[in-house]
Protein chains: 2
Amino acid sequence: MSRYYVHDVGENAFMLELAILGFLRDSPLHGYGLRKRLTALIGHVRPVPESTLYPALKRMEKAGLLVRATEPGAAAAPRHVLTLTGEGERELRRRLATPERLDVTDENRWFTLLAFLRHLEEPAAQAAVLRQRLTFLEEPSSFFLDGDRPLRAEELDDPFRRGVLTVARATGRAETAWLRETVAALEAGGARPGRDAPPGDAPPGDTRDVIPGT
Amino acid sequence: MSRYYVHDVGENAFMLELAILGFLRDSPLHGYGLRKRLTALIGHVRPVPESTLYPALKRMEKAGLLVRATEPGAAAAPRHVLTLTGEGERELRRRLATPERLDVTDENRWFTLLAFLRHLEEPAAQAAVLRQRLTFLEEPSSFFLDGDRPLRAEELDDPFRRGVLTVARATGRAETAWLRETVAALEAGGARPGRDAPPGDAPPGDTRDVIPGT
DNA sequence: TGAGGATACCTCGATGTCGAGGTACTACGT
DNA sequence: ACGTAGTACCTCGACATCGAGGTATCCTCA
C-alpha cells in the first residue's frame, strides 16, 4: 500500500477505489450513476453509502486521479461529471498490473479486479495477472487448525465446515479451469478468449444468468 | 446491526466478532492462539493485525461477551485466557440464527458463519439459516449495468467479465447443490448431513461437473 | 395543489482500522 | 555472548467508514 497517498488508505478503500477508477475508465459518470454501478458490482459485499462514496471521490480528486466538471442546470442539483485524468488511468493500470496480495487472495477483490482487467490491454500483462491467481489457488490452504496443525476436509466432523471446504474446492476447480483456458488463449496470440461460451456445463441458451438455482 | 452495543459497530467488525465468538465457543484461548485461528480462517480476506484484534477483545469484554483471566507467569507476558460468557454464547447463537443481510450475501461472511453454524444446535434452526442463503442464490442478480439495464452474461463482450460470471455460476451451482442436500438431511430428522456425500443434484463421484471450460 | 419518490450532493461525529513502535520473556543457533 | 525468531500484549495517531440528517430540484400520480 501507500501509493499515491503519502500514508495508508486502508485495504477496503482499495477495492472501492479500484472500482471507481475502472468504471470511470469505462466512461465518465456523475456520482450518482457511479454509485449505481458500484452497488451492482460490489453492493452485496460492501454497500456503498453516499457518505463513503463522496469523500472517496474528493480524496481521489485531490490526488489528481480524476476531475469533477460541474455541469450546471442539468438535473436537480449541479452534477459533477467525473472524468479520469491521465494520472488516474495510469494508476488504474498500475493497480491492475501489480495487484496487492489481498486483491489476489480475496475472491471479492479479485472479481473486482477482473471486471476491469481489460483496461490493461496487453494480453501478456493480463495473463501475468491471471497467473498470480492461479498460483494462489494452487497453494495448499487450510481454514481450520487443530492446535497448530491444519485440518484437511476429510478430518472434519462438522458437516458445515465440510460444506465450506466442499464448495471452496468446487469453486477452485471451476476457476482454475477458466484461468488455465484463458491464460492459454491470451498467450496464444492475444486472441479473445471465451468469445463464444465454450461447451461446458452451461447450456447455451440458458440465459438464466448468474447464480441460477436448478 | 446495533445489537449489544448502543451504537453501530460497523459491518467489518461483525465478521471479526462472529469469528471470535465462534472460536471461543469451540474452546477458551488466549489472544495469540485466537489470532492464529482467525488468520487461518479469514486471513486471506481480512488480515487480523494485533492492533485490530486486541481492541476488539476489549470492547467485547466490556460488553460482557467474554472474560479475560490473567494467567500469571506462564510464558513470556502474562497471558489473558479468554472465555465466553453465557451472554457471549447467547450473542453467538443470536448472530447465527438471525444473520445480517450481508452475512448471507457476502460469500466470505457466509463461510465464516457456516464455520460456526454447528453451535446453533437445533437442526431446524440450522436449516432455516441455510435456506436464507439458498434464497439469495436463487435471486437473479447482475453485476454489470448498461446505463440502467442489467447485463446478462451472454451480452458481455469482455472475456474477463464473462469469466467472472462463468465462475460465479459454477460456484452458485455447487453451493446450491450442497445446500439443498444439507437442508434435506437436516429436515429429515437432523441426521448428520454430508457424512458421505449423498447423491444430490451433483453427479456423484465426479465433482468435476462444476467446471465450465474444458 | 400536493405528496411521494427519484436525483444529486453535502456535513457531522462516533467508531473501527491498522501500521509503527514499544515491552518483555523464551529458545535456538553460532 | 549475541543475534534472531517466536510468544504475548500494549499504546498512539492518522485515517476510512457510514448512519443520521440536511438541502434542493425534478417528475409523476392523484
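Any value given below was found using the heavy atoms of this structure, including those in side chains, with hydrogens, waters and symmetry copies removed. A, B, ... follow the sequence lines: proteins, then strands. Residue 1 opens every chain.
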Gap between atoms OH and P, on Tyr54(A) and dC10(C) respectively (whole Å)
7 Å

Residue whose closest nucleotide on DNA chain D lies nearer the 5' end, Ser51(B) versus Gly33(B):
Gly33(B)

side-chain hydrogen bond (donor to acceptor under 3.5 Å, both in side chains) against Arg161(A), all qualifying residues, sequence neighbours excluded:
Asp26(B)

Rounding to an integer number of Å, can you tell me how far Leu29(A) CG sits from dC9(C) C1'?
16 Å

dC9(C) C1' sits how many Å from Glu61(A) CD, rounded?
13 Å

Below 3.5 Å, can you tabulate the donor-acceptor pairs from side chains in residues 45-55 of chain A to any protein atom, sequence neighbours excluded?
residue	atom	partner	partner atom	Å
Arg46(A)	NH2	Asn12(B)	OD1	3.4

Can you check the Phe14(A) CZ to dT17(C) C1' distance for me, whole Å?
15 Å

CZ of Arg59(B) versus P of dA14(C): gap in Å, rounded?
17 Å

His119(B) meets the ring-ring contact (aromatic ring centres under 6.0 Å, His included) criterion, sequence neighbours left out, with none

ring-ring contact (aromatic ring centres under 6.0 Å, His included) with His44(B): which residues, sequence neighbours excluded?
Phe143(A)

When you measure from the side-chain N and O atoms of Lys58(A) to the phosphate of dT11(C), is any distance below 4.0 Å, counting only OP1 and OP2?
yes

If you only use heavy atoms from C-beta on, which nucleotide in dG16(C), dC9(C), dG19(D) is closest to the side chain of His80(A)?
dC9(C)

Kindly say if Tyr32(A) contacts the phosphate of dT7(C), meaning a side-chain N or O under 4.0 Å from OP1 or OP2.
yes

Looking at Arg35(A), does any N or O in its side chain come under 4.0 Å of the phosphate oxygens OP1/OP2 on dA6(C)?
no

Just how far, in rounded Å, is C1' of dC18(C) from CD of Glu100(A)?
14 Å

Between P on dT7(D) and CG on Leu53(B), what's the gap in Å once rounded to a whole number?
15 Å

Contact list please: residues 36-50 of chain A against DNA chain C, heavy atoms, distance less than 4.0 Å, in numerical order.
Lys36(A), Glu50(A)

Cation-pi geometry met for Arg95(A) and Phe14(A) (6.0 Å, 45°)
yes

Gap between atoms CG and C1', on Leu57(B) and dT17(C) respectively (whole Å):
15 Å

Please examine the side chains of Leu92(A) and Leu24(A), heavy atoms only from C-beta on, and report whether any two atoms are closer than 4.5 Å.
no

Using the side-chain heavy atoms of Leu16(B), tell me which of these nucleotides is nearest: dC9(C), dT17(C), dA20(C).
dT17(C)

For Arg68(A), enumerate each residue passing the side chain to side chain contact (heavy atoms under 4.5 Å, CB included) test, keeping only those at least two apart in sequence or located in another chain.
Lys58(A), Glu61(A), Leu66(A), His80(A), Leu82(A)

